[in-house]
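Read the structure below first, then the notes.
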2 protein chains.
Amino acid sequence: MTPESTHARLADQLCFALYAASKAVAGAYRPRLKALGLTYPQYLVMLVLWQSDGLTVAELGAMLGLDSGTLSPLLKRLDASGLVRRERTDRDERVVRVYLTPKGAGLEEHAASVRREVESGAGLTDDGFAQLRLTLHELTATVNGCVPG
Amino acid sequence: MTPESTHARLADQLCFALYAASKAVAGAYRPRLKALGLTYPQYLVMLVLWQSDGLTVAELGAMLGLDSGTLSPLLKRLDASGLVRRERTDRDERVVRVYLTPKGAGLEEHAASVRREVESGAGLTDDGFAQLRLTLHELTATVNGCVPG
DNA sequence: GTGCAGTTGATTGTGTACAACCAAGTTGTG
DNA sequence: CACAACTTGGTTGTACACAATCAACTGCAC
């Protein structure tokens with residue numbers, strides 16, 4: 001009944017702290033994004049496109065760390081929702097570029113307000129926010145550098 | 001081509017920093033856990049059970065933030081792998097308690113070495129590690145407190 | 001006892017994720 | 001031209017993750 005202290009506790013694990021925090025933030029976005037007709041990963045893809053429209057599937061994947069097995073059906077759904085348009089390149093018929101439709105571009109404002117809402121609910125100072133973001137980026141880079149090989 | 005600075009950049013978003021870091025850490029665990037016959041979420045479930053065996057499905061779900069739609073098939077697979085045994089309670093036939101098998105309990109040592117390997121590859125000082133963990137737990141609690149209502 | 005509210009885990013449907021594989025298209029070499 | 005090596009996005013299969021729903025069971029009021 002009493003947890004034995006010889007075992008690693010779940011709360012001590014960085015992997016679980018990351019897993020839980022990521023899930024919590026996604027959970028905060030989800031109901032708010034639902035009003036926009038977006039899932040959380042779809043929102044991340046739209047974030048990239050609002051920043052730089054017309055990327056290829058491979059470029060999107062590199063920025064998000066996702067492969068075509070995830071992106072292909074996701075982009076197909078964004079296309080079906082009328083937020084995005086996929087176009088084969090003339091120069092290279094294999095390459096698909098993804099463009100925002102006016103409807104997709106028009107969601108940016110609403111999404112920005114969702115973001116502000118969630119981030120203000122996080123209860124972090126500007127400094128704490130920036131510090132955490134930096135730490136996470138460094139951790140991501142270090143850990144990713146340890147695996148791929 | 002040039003990203004316009006009027007748009008929120010992906011790298012500035014805490015939600016993406018969390019998403020990427022969580023995925024990176026999971027990606028570091030995955031190949032190492034594969035040798036144990038575990039997926040990453042299965043490893044998290046086993047972490048809980050190594051800490052306190054014989055929990056109900058609801059108790060497991062509360063600790064991990066997962067519902068039965070995720071846990072039921074996951075536990076069924078752990079059961080099929082012979083790492084876990086599910087038992088209906090006598091007192092209440094609805095309640096299922098999850099117990100480690102000897103095989104499941106025996107994985108703890110190997111899993112602990114995997115954990116040490118990944119955490120040492122994260123390149124964090126003990127202080128940085130503890131600080132990040134604390135920040136993430138606080139963030140999780142704050143954000144989770146904002147949504148459920 | 002009878003019946004209803006509440007609890008518990010399972011199931012279904014949709015949408016990620018990732019590994020493995022595949023077909024179409026491109027490029028370099030001869 | 002021929003043709004192997006490579007690149008690109010799509011498909012398939014397995015495994016989460018969550019919302020919605022369900023059936024079985026319990027416990028309480030009556």
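- The ring pair (Phe, Tyr, Trp, His ring centres under 6.0 Å) check on A/F129 picks up nothing, with sequence neighbours excluded.
- Against DNA chain C, the stretch residues 33-40 of chain A makes heavy-atom approaches under 4.0 Å through A/T39.
- Remark: A/S81 pairs with A/L83 by the side-chain contact (heavy atoms from CB on, under 4.5 Å) rule, at least two apart or across chains.
- Heavy-atom nearest nucleotides on DNA chain D were determined for A/S68 and for A/K23, and the one closer to the 5' end corresponds to A/S68.
- The shortest distance between side-chain heavy atoms of B/K23 and A/T140 does not fall below 4.5 Å.
- A/S120 places a side-chain N or O within 3.5 Å of a backbone atom of A/E117 that can act as its donor or acceptor partner.
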* Walk me through it: do A/L49 and A/L60 pass the test side-chain contact (heavy atoms from CB on, under 4.5 Å)? => CA-CA 8 Å; A/L49 293 175; A/L60 272 171; 4.2 Å; yes
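- Here the range on DNA chain D touched by chain B, meaning any atom under 4.0 Å from one of its heavy atoms, is D/dA15 to D/dT26.
- B/R115 meets the side chain to side chain donor-acceptor pair (under 3.5 Å) test with A/Q13, B/E119; sequence neighbours excluded.
- Qualifying side chain to side chain donor-acceptor pair (under 3.5 Å) partners for B/R94, counting only residues two or more places apart in sequence or in other chains: B/D92.
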Tell me which donor-acceptor pairs under 3.5 Å the side chains of residues 34-42 of chain B have, and how far apart each pair is, sequence neighbours excluded?
unit_1 : atom_1 : unit_2 : atom_2 : d
B/T39  : OG1    : B/Q42  : N      : 3.3
B/Y40  : OH     : A/C15  : O      : 3.4
B/Q42  : OE1    : B/T39  : N      : 3.1

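- Between the side chain of A/R85 and the backbone N or O of A/Y99 there is no donor-acceptor pair closer than 3.5 Å.
- Checking side-chain atoms of A/R97 against main-chain N and O of A/E87 turns up no donor-acceptor pair under 3.5 Å.
- Residues of residues 70-80 of chain B that place a heavy atom closer than 4.0 Å to DNA chain C, in numerical order, are B/S72, B/K76.
- Under the rule for a side-chain contact (heavy atoms from CB on, under 4.5 Å), the partners of B/R30 that lie at least two apart in sequence or sit in another chain are B/A26.
- With hydrogens and angles disregarded, no donor-acceptor distance shorter than 3.5 Å links the side chain of B/T56 to the backbone of B/V95.
- Less than 4.0 Å separates DNA chain C from at least one heavy atom of each of the following residues of residues 81-99 of chain A: A/R91, A/D92, A/E93, A/R94.
- Under a 3.5 Å cut-off, the side chain of A/S22 and the backbone N or O of B/S22 do not form any donor-acceptor pair.
- Looking at B/D127, its side chain never comes within 3.5 Å of a backbone N or O of B/A130 through a donor-acceptor pair.
- In terms of modelled atom types and a separation under 3.5 Å, the side chain of A/S72 and the main chain of A/S68 share a donor-acceptor contact.
- Residues B/G69 and A/G65 both approach DNA chain C. Their nearest nucleotides, taken by heavy-atom distance, put B/G69 toward the 5′ side.
- Residues B/L124 and A/T142 form no side-chain contact, since every pair of their non-hydrogen atoms from C-beta on lies 4.5 Å or further apart.
- Within residues 54-62 of chain B, the residues that place at least one heavy atom under 4.0 Å from DNA chain C are, in residue-number order, B/T56, B/V57, B/A58.
- Mapping heavy-atom proximity under 4.0 Å, the span of DNA chain C touched by chain A runs 5' to 3' from C/dG15 to C/dT26.
- Under 3.5 Å, the side chains of A/T135 and A/Q131 contain a donor-acceptor pair of N or O atoms.
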